[in-house]
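The next block holds one structure in the form of structure tokens; read it before the comments.
Heads up: numbering here begins at 1 and tracks the sequence. Quick caveat, the model's predicted, so the values are computed rather than measured.
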Amino acid sequence: MLRTTAAMTLLATLVSGAAWTAAPAGPLPSGNGNNGNGNGTNVLVVGVDSRAGLSKAEKNRLHVGGKGCNCTDVMMLVHLSRDSRRASVVSLPRDSYVEYADGSGVRGKINGAYARGGRALTVKTVEKVTGLRVDHFLETGFTGFEQTINGLGGATLCTDKHLQDENSGLDMTPGMHHADGNGTLRFVRARHIERPGDLGRVRRQQRTVSDLLTRLTAEGALADPAAAAETAATLLKSVRTDDHTGVADLVRIGLALARLRPERTEFATVPIEVFDHRVPGVGSTLVWHEARSQALWKALAQDRPITGDPAIQPVPRTPVPTNPAGIKVRIDDAGAAAGLRAAGFVVTDTSAQAPAVRPAGPPVIRYAPGRESDAATLAAALPGARRQVVPGHDGAFDVTVGARKPEVRAVTYDRNVAEGAPVTADRLGCLTGRTRHAAPPAAAFRAAALPAAAPDSTP
């Protein structure tokens, strides 16, 4: 039966799924005054990449073959405001390069804290690098994710392009899809699609949780406190908690989350400054943007919204969705070619082949299907240009300049804006605007999906 505490458990299931547990948060770090002043509640949600207890058949079914790292595959810090009227969900990418909080001075990927010192060191490390106190800790694995998504009636997933990842087993056509737990697991785990790495995957995870919260609210999935307490008590039969996390805590947090409207729920990824920082013995890591990340943690410590804060996410002039440095352009005007080259595009000047009489109208951009994001970036640099998809076109963009001399505008590509900028749920998920009620009723899906759920083998 769907209850309000599902709003809390779905945040845990987002990250890679299994039975979730609460663990001691540990002492307040020196100089941290956040929750001691009553400035909201912080919940650290992690998904552990472990195959322990999974049979070969389960690994094959879930497409999680190979050896687990016994590390946190996904990490989110959920801040619930003191007045329970706003939730801020911040993803901490697994490859973030940090110093572990064990006094060793060793630095490594943040996901390695779990393998190095379990839940306790994971919490202490997050507290150290954010300056925030963690009040509750939720831990997930693989099979519970599948079970809980099925129990919630599946998830609505969306994509504007074909997504395929052999490692996770994902193969999804463009459009909206109502997926079961297995399909959703593949969607949130895929790392080898679109831009390689975690940031695209993190955004898909955020979108999945956003849509689940929106759908639960739209379906009226709010129970009275007694029903919520009953569900929490059932959960606690198979969940380990610390001494200060019990039924009342879960009910309070669950009720607050389930009552939030999409515009009162925020999602963001920690701002990154270096996206491929190579460290011997560690590999490719992500270095946080010091000023922006500190502004993010300060806003949460002061119980303020993280959206609309220019210190966290400066508003760029003419922002574009993709990096011009990866876009090859052939253009038949020498002046425009020079302008686009200065804007960062890879340009070939074809003005020697330009017609003697230019056609009327604005520039026309011709490109192959599936290059819509890059086309939008190029069009932003050529205001007023028309876009034309040409089946069979090669990987470059051809621009034909018309009789009117084109304006070339400098564009700003900020990967943090493109992939992880703070955004409210009403602007993030599939279930927004006209598509909000497009998913099939959850109750019908639950009836079919629940019998197929595999037993949870997580300890």
Side-chain angles (χ1 to χ4, degrees), residues 160-161 194-197 199-200 203 269 271-278 284 286-293 310-390 392-423:
D160 59 358
K161 62 182 66 175
E194 304 171 46
R195 299 179 184 88
L199 267 65
R203 204 47 135 182
T269 303
I272 305 298
E273 184 169 17
V274 183
F275 286 87
D276 187 17
H277 178 58
R278 299 280 174 164
S284 177
L286 300 171
V287 177
W288 292 356
H289 192 292
E290 184 174 359
R292 294 189 194 180
S293 61
I312 299 172
Q313 189 61 72
V315 180
R317 182 178 180 182
T318 317
V320 290
T322 58
N323 191 348
I327 303 175
K328 296 180 180 179
V329 182
R330 295 184 292 253
I331 186 166
D332 64 356
D333 180 89
L340 289 177
R341 191 175 293 114
F345 294 87
V346 180
V347 179
T348 298
D349 181 353
T350 61
S351 57
Q353 289 81 46
V357 179
R358 297 277 187 175
V364 177
I365 301 171
R366 295 179 175 86
Y367 58 96
R371 301 293 303 278
E372 287 75 17
S373 294
D374 285 343
T377 295
L378 181 54
L382 293 169
R386 292 191 294 111
R387 286 173 263 182
Q388 181 180 344
V389 177
V390 180
H393 200 279
D394 64 15
F397 287 76
D398 280 308
V399 180
T400 300
V401 173
R404 186 175 65 203
K405 188 173 181 61
E407 172 192 357
V408 179
R409 180 176 297 170
V411 296
T412 302
Y413 172 69
D414 185 331
R415 190 169 172 184
N416 291 299
V417 173
E419 299 184 43
V423 63

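Considering D349, D394, T348 as possible partners of R330, the one that fulfils the side-chain hydrogen bond (donor to acceptor under 3.5 Å, both in side chains) test is D394.
With hydrogens and angles ignored, the 3.5 Å screen pairs a side-chain donor or acceptor of T350 with a backbone N or O of I331.
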### Task
Mind running side chain to side chain contact (heavy atoms under 4.5 Å, CB included) on D332 and T400 for me, showing each step along the way?
CA-CA 6 Å; D332 64 356; T400 300; 3.9 Å; yes

### Message
One pair to check against side chain to side chain contact (heavy atoms under 4.5 Å, CB included): T269 and E419. What are the steps and the verdict?
### Response
CA-CA 8 Å; T269 303; E419 299 184 43; over 6 Å; no

### Task
Kindly determine whether L340 and L382 satisfy side chain to side chain contact (heavy atoms under 4.5 Å, CB included), including the steps that lead there.
CA-CA 9 Å; L340 289 177; L382 293 169; 4.2 Å; yes

### Message
Go through it in stages, so that I can follow the logic: the residues are N416 and F275, the test is side chain to side chain contact (heavy atoms under 4.5 Å, CB included), and I'd like the CA-CA distance, side-chain angles, deciding distance and then a yes or no.
### Response
CA-CA 10 Å; N416 291 299; F275 286 87; 4.0 Å; yes

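In terms of heavy atoms, S293 sits closest to W288 at OG-CB, 4.1 Å. When all heavy atoms are compared, the tightest approach of V408 to G339 is CG1-C, 3.5 Å. Nearest heavy-atom pair across Y413 and V320 is CD1-O, 3.7 Å. Residues V401 and P406 share a closest heavy-atom pair of CG1-CD, 3.5 Å. When all heavy atoms of P324 and V411 are compared, the closest pair comes out as CG-CG2, 3.9 Å. A368 and H393 make their closest contact through CB-O, 3.4 Å (heavy atoms, listed as atom of the first residue, atom of the second, distance).
R371 CZ to I327 CD1: the interatomic distance, rounded to the nearest 0.5 Å, is 7.0 Å.
No side-chain heavy atom of V390 sits under 4.5 Å from any side-chain heavy atom of D398. Using a 4.5 Å cut-off on side-chain heavy atoms (C-beta onward), Q388 and R366 make contact. D414 places none of its side-chain heavy atoms less than 4.5 Å from the side chain of P319.
Between the side chains of S373 and T322, no donor N or O sits under 3.5 Å from an acceptor N or O.
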